[in-house]
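Contents: one structure, followed by commentary.
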2 protein chains.
Amino acid sequence: MKNNTYCVIMAGGVGSRFWPLSTPQKPKQFLDVLGIGKSLIQMTYERLLLVAPKENIFVLTNERYAAIVKDQLEDLNSDQILTEPIRKNTAPCIAYAAAKIHALNPDAIMVVSPADHLIVRENRFCEIIQTAIHRAKEAPRLVTLGIQPTRPDTGYGYIEFSKEATILPGSVTAVRQFREKPDLKTAESFLDSGNFYWNSGVFIWKTATVLDAFQKFEPELFALFANDLTAYNTPFEQQKVTSAFHACKDISVDYALMERAENTDVVLADFDWSDLGTWGSLNMHLAKDENANAVIGNNVYLFDSQRCLVNVSNDKLVLLDGLNDYIVVESDNMFMVLKAENEQALKNYLKSAEKGSPTFFQK
Amino acid sequence: MKNNTYCVIMAGGVGSRFWPLSTPQKPKQFLDVLGIGKSLIQMTYERLLLVAPKENIFVLTNERYAAIVKDQLEDLNSDQILTEPIRKNTAPCIAYAAAKIHALNPDAIMVVSPADHLIVRENRFCEIIQTAIHRAKEAPRLVTLGIQPTRPDTGYGYIEFSKEATILPGSVTAVRQFREKPDLKTAESFLDSGNFYWNSGVFIWKTATVLDAFQKFEPELFALFANDLTAYNTPFEQQKVTSAFHACKDISVDYALMERAENTDVVLADFDWSDLGTWGSLNMHLAKDENANAVIGNNVYLFDSQRCLVNVSNDKLVLLDGLNDYIVVESDNMFMVLKAENEQALKNYLKSAEKGSPTFFQK
């Protein structure tokens, strides 16, 4: 019997926050940031193999990363790697993938997942996803995964659901509203009230349902990508998609659909999750030595140092002394020593430094 | 007319203190530690060209460094590069060089200079050296250069001379005694008394005078190197020297001769000098930016950092943040971040780290 479940891995991000490990040439999703021998996209792919057969898994990425995807996910055929010619945020990408998959199988259920998030309890993830798939199958709903918050994180978006809902992990409930990244006080009130979960960026829906939503809320995107499906899965697909991407607007799926639609549901998920959006959030998931240092790299020697995150190539010898609470990263002839509390300043540092030596940063 | 002045550059040191810039494979004297486009031995050679014609300049180094010397001092002929097959400290090296030069020219005056010291006012150096040469010519004296101390440095040896001496820079006076590296209190008393100068490790003497001293105080060394001069400057020299080095003891010229001899003089020198023995002493001679950072490297970006010494390759991009009083050095895939106040601990750090990855440190 034909399997109606499809997965789309969103792998177009440029991951500028993890410099110098990530660069525009090789962003975060393609890196083994946890030092476990697998990149984040490889982990995501393996996780989704528990959800759909491999021929039903697609990766959506920027043209420039297609070769890396092919290299890291050897099992995929070339026609499972969908490429955007220019970056236009998540809504156009999802419109493209939904239209293509719908052309393949009008009964398709589609699971959309970021390539670069960390999920620790895979079995629990599978159970939650099955709940979401079941919900998306039985009703024309746009289903998201909400993550039970463990702290008032101001780096995440939140999903509010009805206070009256059964807040049982694994249950499904209607979304009341999506809330963008809050300030700390607001985040704390979210946690207190109990009916706010983190927005994981994982979506589950029938292709029919999401295409309906595009038609309703973003008719331009619908017209460009989904009005006429005849080119998909033919030699004319790339040409159609290239011109659609050049013509379309830059908009996230949250703005385009989720915040406007009335038919949104959230599955309350309780697996360990992180978007690994900052060095700090990565650090939480790394093993520590007796001085609370997290060290990736075979030749790192720490003296009189505590609570450092060190991530360097195995062919580099690194001796560190007298560093408390620093992020020390080396990659491809770029070396960074950053006070952990200044992580937010990194973006500005890079901007300022790029003026002096742009070629380095563009590698 | 034949020029009787000869120079011997002592270039056998392994410079372990400047790791990772210096390694046993390429020690300090061969490095451009000041970031000025010349190594220390190149600077020393150019300075000595003001003292003797280039054909009278010899370099004494370990066998393993002969190729580097040849490479860095292209003007030298191969027979001007004298090699020790094993490290035996300065006395055997000086016995060898003195004997060889004496065989060439029994009227020779010999200037011995470390390869890896910094001397800033070269003209003043020349005047002082001429005074020393004049003194060594007119009398059978072992002449040293003493450096007017500017601080109670505990890293240097001191030369005491008579309190009654004219302490006029440039004057010559008899040495009362040589004093090893003192503790701080003693060093302070040295400075207070005014008749203690730093021992520069530069010596000036007739070859005849120093060979006499060897015969008197180190008859074994004399017998091995200088009793029979017939092999020098012939194809048999290397064989003779190799067996002499294997047979001889390990001893410094200070212990072997200077501390025992009665015929020692010191020229009171007032040029700027440093043995560049530590990162800290190097740092004193580097140009600083507005935050008192000394930076060598074309692609170094400092943020919120002060009083750091940074020395990295030009092909490395280095971003540093939140570092005050650190030494940051990269060389040949080795990277060090060291709290400046812990510089003395580096040797122990390396010992401890070498247990984990000896191959790295031996490059």
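Below, chains carry the letters A, B, ... as their sequence lines are ordered, and counting in each starts from 1. Note: hydrogens, waters and symmetry copies are ignored here, and every other heavy atom, side chains too, is used.
Contacts between B:I327 and chain A at a heavy-atom distance below 4.5 Å are absent for every atom of the residue.
In this structure, B:K38 places its NZ atom where only 12 or fewer heavy-atom neighbours from other residues, nucleotides or ligands lie under 6.0 Å away. Within a 6.0 Å sphere centred on NZ of A:K347, heavy atoms belonging to other residues, nucleotides or ligands number 12 at most. Residue A:K70 places its NZ atom among more than 12 non-hydrogen atoms of other residues, nucleotides or ligands, all under 6.0 Å distant.
Residues A:D304 and B:N342 form a side-chain contact, since some pair of their non-hydrogen atoms from C-beta on lies under 4.5 Å apart.
Across A:V337, A:L320, A:L323, the residue that shares the most heavy-atom pairs under 4.5 angstrom with chain B is A:V337.
With rounding to the nearest 0.5 angstrom, the CG atom of A:D321 is 8.5 Å from the CD atom of B:E341. Of the inter-residue distances, the one linking B:N324 atom CG with A:K339 atom NZ reads 9.5 Å to the nearest 0.5 angstrom.
Results of the side chain to side chain contact (heavy atoms under 4.5 Å, CB included) test with B:F335 over A:L319, A:V312, A:V318 single out A:V318 as the only residue that passes.
Of the N and O atoms on the side chains of B:N333 and A:D315, not one donor lies less than 3.5 Å from an acceptor on the other residue.
The backbone N or O of B:G322 sits less than 3.5 Å from a side-chain atom of A:Y326, completing a donor-acceptor pair.
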